[in-house]
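Quick notes on the structure that follows.
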Amino acid sequence: MNKFLFLLIHLSIANYTVGQFTTAKNLLYYEKQFNYGWNTGSTNVISSTCYLFYNDSAAYYMQVPDKNRRTTFDNSGQTNTVILADTINRFYIDLDNSIAYSVNKDKIHKGIYGDSVYNMNWTLANETKMIDSVICEKAVCYFRGRKYIAWYASNIAIPLGPYKFGGLPGLIVELYDEDKIDHYLLRKTEHSNIQYLSFNNKPYISRKIWIQEELELRKKIIQASQAGNNDGNCLNCRGTSEISFADWEKLEE
């Protein structure tokens with residue numbers, strides 16, 4: 001994070017639409033560290049850069065693992081970054097209606113899905129710390145099976161944060177779960193001029209339906225595994241499945 005952070009206090013946040021696209025004038029960069037070995041007891045930390053474009057009614061979030069980012073230089077010395085599209089986790093956030101839309105193109109979960117945004121019940125703690133030169137205050141919440149700690153800057157009256165997190169009386173500067181498996185830190189802010197597709201008022205599939213689809217898929221996977229474990233010597237015997245599913249977020253709304 002640097003001096004650009006303080007510009008946020010004075011930014012004039014623009015919001016306008018051009019056809020089906022929304023234009024954002026501001027951008028937040030978060031550094032994310034996630035241990036993908038969390039469910040096996042191993043360590044496999046991958047860094048990602050998270051981008052949050054926003055205005056006063058909408059935001060666009062995307063996350064790109066740094067190992068899947070290629071940087072090249074042209075003859076003038078200008079840098080060009082190439083991002084592999086299949087590594088991007090992204091969604092459109094409708095701040096007015098607190099819905100995060102994501103587009104799924106796989107055969108199982110296909111369509112536009114909507115998830116709730118900033119539905120955490122934060123508890124504000126009487127504790128502060130300095131992050132760079134910014135005084136941050138502590139807040140805690142339990143969200144879908146995990147405890148999260150946020151450090152937010154109340155003097156920056158922007159109720160945003162990384163991923164699905166926000167709704168605090170200030171910008172989230174740092175966020176992590178209590179085991180620090182998942183960790184976000186604000187690194188930079190700047191002005192932006194990006195247009196992205198708006199999903200406002202579009203039909204979508206709720207998280208409740210998504211969970212039903214996922215549970216049905218898992219049921220079929222386990223049944224197929226059990227059938228494959230039979231040795232064919234009896235008609236009624238059932239195999240045992242070694243399959244288990246690791247969910248970072250509990251399958252709950």
Side-chain angles (χ1 to χ4, degrees), residues 1-13 24-36 38 43-56 58-73 78-84 87-93 95 100 117-118 120 122 127-139 141 148-194 196 248:
M1 190 164 46
N2 56 30
K3 64 181 180 180
F4 290 106
L5 176 59
F6 298 99
L7 292 176
L8 286 172
I9 303 174
H10 307 290
L11 287 179
S12 174
I13 302 175
K25 287 294 185 181
N26 303 301
L27 169 61
L28 303 176
Y29 292 83
Y30 285 91
E31 177 187 349
K32 173 184 171 75
Q33 301 278 338
F34 187 83
N35 179 16
Y36 285 88
W38 66 270
T43 300
N44 180 23
V45 177
I46 294 178
S47 299
S48 301
T49 300
C50 305
Y51 305 87
L52 184 63
F53 300 89
Y54 71 94
N55 51 44
D56 61 349
Y60 185 82
Y61 173 91
M62 68 178 182
Q63 170 188 317
V64 185
D66 292 341
K67 70 174 186 177
N68 292 315
R69 181 194 316 278
R70 297 197 301 267
T71 301
T72 60
F73 297 86
Q78 181 178 351
T79 60
N80 299 293
T81 300
V82 178
I83 297 172
L84 305 184
T87 68
I88 299 176
N89 173 19
R90 49 189 166 186
F91 53 85
Y92 171 87
I93 304 170
L95 295 172
V117 178
Y118 310 157
M120 308 85 202
W122 292 104
E127 187 175 343
T128 63
K129 76 171 182 178
M130 296 287 292
I131 300 178
D132 285 354
S133 57
V134 180
I135 299 177
C136 296
E137 300 173 54
K138 184 179 181 180
C141 76
Y148 291 90
I149 296 91
W151 294 93
Y152 66 97
S154 59
N155 65 329
I156 305 175
I158 301 172
L160 302 177
Y163 191 45
K164 301 174 184 177
F165 292 89
L168 283 166
L171 177 67
I172 295 178
V173 176
E174 185 177 19
L175 174 78
Y176 48 87
D177 68 289
E178 65 177 337
D179 297 316
K180 291 195 174 181
I181 297 170
D182 194 18
H183 183 270
Y184 299 85
L185 184 63
L186 182 66
R187 287 300 190 187
K188 188 172 70 170
T189 71
E190 63 183 39
H191 292 287
S192 169
N193 188 23
I194 186 174
Y196 48 84
W248 179 254

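For the numbers below, each heavy atom of this structure counts, side chains included, while hydrogens, waters and symmetry mates do not.
- No side-chain heavy atom of L28 sits under 4.5 Å from any side-chain heavy atom of N26.
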Point to revise | Criterion side-chain contact (heavy atoms from CB on, under 4.5 Å) on F34 and I181, from CA distance to verdict | key: CA-CA 6 Å; F34 187 83; I181 297 170; 4.1 Å; yes

Exercise for review: Could you walk me through whether Y29 and Y51 pass the ring-ring contact (aromatic ring centres under 6.0 Å, His included) test, one step at a time?
Suggested key: CA-CA 5 Å; Y29 292 83; Y51 305 87; 5.4 Å; yes

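- When all heavy atoms of F91 and A100 are compared, the closest pair comes out as CD1-CB, 3.7 Å.
- In this structure, S48 and P65 approach most closely via the heavy-atom pair OG-CA, 3.3 Å.
- Expressed to the nearest 0.5 Å, how far CG of L186 lies from CD1 of I156 amounts to 8.0 Å.
- Between the side chain of D182 and the backbone N or O of D177 there is no donor-acceptor pair closer than 3.5 Å.
- Among all heavy-atom pairs drawn from M120 and K164, the shortest one is CE-O, 3.1 Å.
- Here the closest non-hydrogen pair linking G161 and Y118 is N-OH, 4.3 Å.
- The shortest side-chain heavy-atom distance between C50 and Y184 falls under the 4.5 Å cut-off.
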Practice item. Before giving the answer on side-chain contact (heavy atoms from CB on, under 4.5 Å), spell out for Y163 and L175 the whole-Å C-alpha distance, their side-chain angles and the decisive distance to 0.1 Å. Key: CA-CA 10 Å; Y163 191 45; L175 174 78; 5.9 Å; no

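- When all heavy atoms of Y92 and A58 are compared, the pair lying nearest together is OH-CB, 3.3 Å.
- Side chains of W248 and Y36: no donor on one and acceptor on the other come within 3.5 Å.
- Within the 4.5 Å cutoff, the side chain of Y30 has no heavy atoms near those of the T49 side chain.
- For T128, there are no side-chain hydrogen bond (donor to acceptor under 3.5 Å, both in side chains) partners, not counting sequence neighbours.
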Side-chain polar contacts of residues 165-173 - donor-acceptor pairs under 3.5 angstrom, sequence neighbours left out - could you list them?
none

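- Taking 4.5 Å as the limit, some side-chain heavy atom of Y61 sits within range of a side-chain heavy atom of L52.
- If you check the side chains of E174 and H183, you find a donor sitting under 3.5 Å from an acceptor.
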Practice item. Show your working on side-chain contact (heavy atoms from CB on, under 4.5 Å) between N35 and N44 and close with a plain yes or no. Key: CA-CA 5 Å; N35 179 16; N44 180 23; 4.2 Å; yes

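- Side chains of W151 and K129 form a contact here, defined as non-hydrogen atoms less than 4.5 Å apart.
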